[in-house]
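Working notes, beginning with the structure itself.
The structure presented is a predicted model; accordingly, all values stated were derived computationally and were not measured. Order of listing sets the numbers, starting from 1, for every ligand and every atom in it.
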Amino acid sequence: MTSSELSLADIFKDVKLKLITISGKGGVGKSLVSASVAIGLAMRGYSVGVLDADVYGPTVPKMLGVASRQLQTDEENKRILPVEGPLGIKIVSVDFLLPGDDVAVIWRAPLLNKILREFLANVKWSFIDALVIDLPPGTGDAPLTIAQSLHGAIDGSIIVTIPTEISRRIVIKAIDFSRRLRIRVAGIVENMCCFRCPGDGKLYYIFGRDVGKRIAEEAGVPFLGGIPIDPELSQYLDSGRLHEFMSRDSETSRAILSAVDRIIEMYRDRLAK
Ligand SMILES: Nc1ncnc2c1ncn2[C@@H]1O[C@H](COP(=O)(O)OP(=O)(O)OP(=O)(O)O)[C@@H](O)[C@H]1O
Ligand SMILES: [Mg+2]
């Protein structure tokens, strides 16, 4: 049997906890959440992998400072070996397959499906405690294709949103997406929840207050917490030093780590195996 004939459940058999991050729409901080949850889990002592499966905007390697690295294969079986990033995080991204930063990906769905399946099925993850998978944004064809090909192998979804009333319907859709695929909703993260003004030290709720929390309550899914808008975080992200940002104590890094701790608590049994 060649590796591409293996089911994805086989490929992930040595990974204890598999999480996907989804967002009803683009640009809300999904990749930030994927990358920082991975870092948080690694900071808590777990061995971690990240699979950046966002074919339309693979940015995780850039956030983790490994964008220029190349995937290697093992000599024996020609399986793809993840790139090792900060804190020993194993990183695989579709970005490593693309020709360059400025090239638009215009694969049609059937081809995309085929390439991705082949790619995903060929990665050698080895033994890791947790894998975070960054899906393409939205609840359309691209995330569906990937989530379906991972079917049966996923333990939970982290839904990322910003706190606008308009995003309510979109979050509900993301919850529905997860439930239809029979993936447990690990919870909602409200990114850009608020802004601490350096001038007066007050917290401002720019888009709306507690929207994500209310949606979570209404839908009966956990609320994992909010992440403030933080210009410093943005700078660290842009320069591929998210891990450095996370290791410094700040209101934002604490907020992210507290969401990570909720996830660890939720999946304690799985991680303990
Ligand atoms: N809490 C935050 N504070 C400051 N900047 C942020 C925050 N969240 C996200 N950003 C910035 O917003 C941009 C979008 O974030 P990110 O790439 O994580 O979104 P995404 O949902 O993955 O987007 P896409 O849909 O394009 O994949 C990034 O450039 C990031 O620097
Ligand atoms: Mg992204």
*Is there a protein heavy atom at a distance of less than 4.0 Å from atom 9 (C) of ligand 1?*
yes

*Considering only heavy atoms of Pro228, which atoms of ligand 1 have at least one such atom less than 4.0 Å away?*
1 (N), 2 (C), 3 (N)

*the Mg ion (ligand 2) reached by Ser34 (N, O or S, under 2.8 Å)*: no

*For ligand 1, which atoms have a heavy atom of Leu233 less than 4.0 angstrom away?*
1 (N), 2 (C), 3 (N)

*Do Arg241 and Ser239 have a side chain donor and acceptor closer than 3.5 Å?*
yes

_Any heavy atom of Gly27 closer to ligand 1 than 4.0 angstrom?_
yes

*What atoms in ligand 1 come closer than 4.0 Å to a heavy atom of Met192?*
8 (N), 9 (C)

*Any ion pair linking Asp74 and Arg79 (charged N to carboxylate O, less than 4.0 Å)?*
no

_Close-contact set for ligand 1 against Pro137 heavy atoms, below 4.0 Å_ = 25 (O)

*Mark up the atoms of ligand 1 that fall under 4.0 Å of a heavy atom belonging to Gly26, in ascending order.*
25 (O)

*May I ask you to decide whether Glu251 forms a salt bridge with Arg196, counting only side-chain N to carboxylate O separations under 4.0 Å?*
yes

*Please confirm whether Asp54 comes within less than 3.5 Å of ligand 1 when only nitrogen or oxygen atoms on both sides are compared.*
yes

*Between the side chain of Ser167 and the main-chain N/O of Pro163, is any donor-acceptor distance below 3.5 Å?*
no

